Amino acid sequence: KLSQMLLQKGEEISRANVALINNLFSSGKSIGEELSVEIGTQNLGGEELDEFLLHSLTGVRATIPQVVAMVVAFEPGKAPGGVEGEYMRLAYYSGKETSVINGGDYGETKWYKGTKDSLKGQWQEPFIGQFIKEPIVIYTTPIFRTDASGQKEFVGVLCVDISIAFLKDAIASIPISSSGYAVVLSADNTIIAHP
């Protein structure tokens, strides 16, 4: 009977965690898609883009504290203001403050190339970032702008970076008999969280 009760409690906690994770990822996706449209239609660049990213990150973190960064990476020569070459801005949360910095080389990264090739939003495999030094998962979505002839053109990628460090505690809270434990795997079967 105790074993059955333990199993039942573990299933209930698992379902609650799955619902939390689904809600978090669904919110991250919605945020990314809304912000990419806004950046594309408003043609934000320079200080306006930095302010937009900081304001958006602060607002999102008020309800979803797992969001740790927002990134905009433009196609070479497509950044507003005629910036040549690659141009990436990263707004991130660290400690108790947010900052905006220039990003590094991104043109050949999996997240940028994958989004550019598919021209649709997608979740990327979890990783520890170059700038965010904790496990994150990112939702990437293309940024489009309407050109002078009225055609929609791809101009870059927006990323919403979500910390997944909380998953370790969530997984550890699931009671399983003394013979096992729960894990979270990515789509490519990478272990993301275990007790």
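Start at 1 with the first residue, then count along the sequence. Because the structure is predicted, anything quoted here is derived from the model rather than measured.
Separation of atoms CD1 (Ile31) and OG (Ser36) is listed at 12.0 Å; rounding is to 0.5 Å. To the nearest 0.5 Å, the span separating CG on Asp117 from NZ on Lys120 amounts to 12.0 Å. Here the CD atom belonging to Gln66 is positioned 9.5 Å from the CZ atom belonging to Phe25, to the nearest 0.5 angstrom. For the atom pair CD (Glu48) and NE2 (His55), the distance works out to 14.0 Å, reported to the nearest 0.5 Å. To the nearest 0.5 Å, atoms CD1 (Ile64) and CG (Asn23) are separated by 7.5 Å. Taken from CD in Glu38 to CZ in Phe52, the straight-line distance is 4.0 Å, to the nearest 0.5 Å.
No side-chain heavy atom of Tyr92 sits under 4.5 Å from any side-chain heavy atom of Thr98. Side-chain contact between Tyr139 and Ile162 is absent, with no heavy-atom pair separated by less than 4.5 Å. By the 4.5 Å heavy-atom criterion applied to side chains, Asn102 and Arg89 are counted as neighbours. The side-chain heavy atoms of Val67 and Tyr93, taken from C-beta on, include no pair separated by under 4.5 Å. Side-chain atoms of Val71 and Met88, non-hydrogen and from C-beta on, do get closer than 4.5 Å to each other. Annotation: side chain of Phe74 is in contact with side chain of Leu49 (closest heavy-atom distance under 4.5 Å).
Here the side chain of Glu33 pairs no donor or acceptor atom with the backbone of Gly121 at under 3.5 angstrom. In terms of modelled atom types and a separation under 3.5 Å, the side chain of Thr140 and the main chain of Gln122 share a donor-acceptor contact. In this structure a side-chain-to-backbone donor-acceptor pair under 3.5 Å is missing from Glu75 to Phe154. No donor-acceptor pair under 3.5 Å is formed between the side chain of Arg61 and the backbone N or O of Val68.
Both Tyr112 and Leu119 are part of a single hydrophobic cluster, where members link through side-chain heavy atoms under 4.5 Å apart. Both Leu20 and Val137 are members of a single hydrophobic cluster when ILVMFWY side chains are connected at heavy-atom separations under 4.5 Å. Val37 and Ile138 end up in different hydrophobic clusters when Ile, Leu, Val, Met, Phe, Trp and Tyr side chains are linked at under 4.5 Å. Trp123 and Val160 fall within a single hydrophobic cluster, where Ile, Leu, Val, Met, Phe, Trp and Tyr side chains are chained together by heavy-atom contacts under 4.5 Å.
Nearest heavy-atom pair across Ala91 and Val100 is CB-CG2, 4.0 Å. Scanning both residues, Gly45 and Pro80, for their nearest heavy atoms gives CA-CB, 3.8 Å. Taking all atoms of both residues into account, the shortest heavy-atom contact from Leu35 to Ser56 is CD2-OG, 3.7 Å.
No more than 12 heavy atoms of other residues, nucleotides or ligands sit less than 6.0 Å from atom CD of Glu51. Counting non-hydrogen atoms of neighbouring residues, nucleotides and ligands closer than 6.0 angstrom, the CG atom of Asp105 reaches no more than 12 such neighbours.
Every residue two or more places apart in sequence or in another chain that forms a salt bridge (charged side-chain N to carboxylate O under 4.0 Å, His left out) with Lys78 is listed here: Glu153.
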- side-chain hydrogen bond (donor to acceptor under 3.5 Å, both in side chains) between Ser149 and Asp147, worked out: CA-CA 5 Å; Ser149 65; Asp147 65 16; 2.8 Å; yes
- Task: Show your working on side-chain hydrogen bond (donor to acceptor under 3.5 Å, both in side chains) between Glu134 and Ser163 and close with a plain yes or no.
- Result: CA-CA 7 Å; Glu134 63 182 272; Ser163 170; 2.4 Å; yes
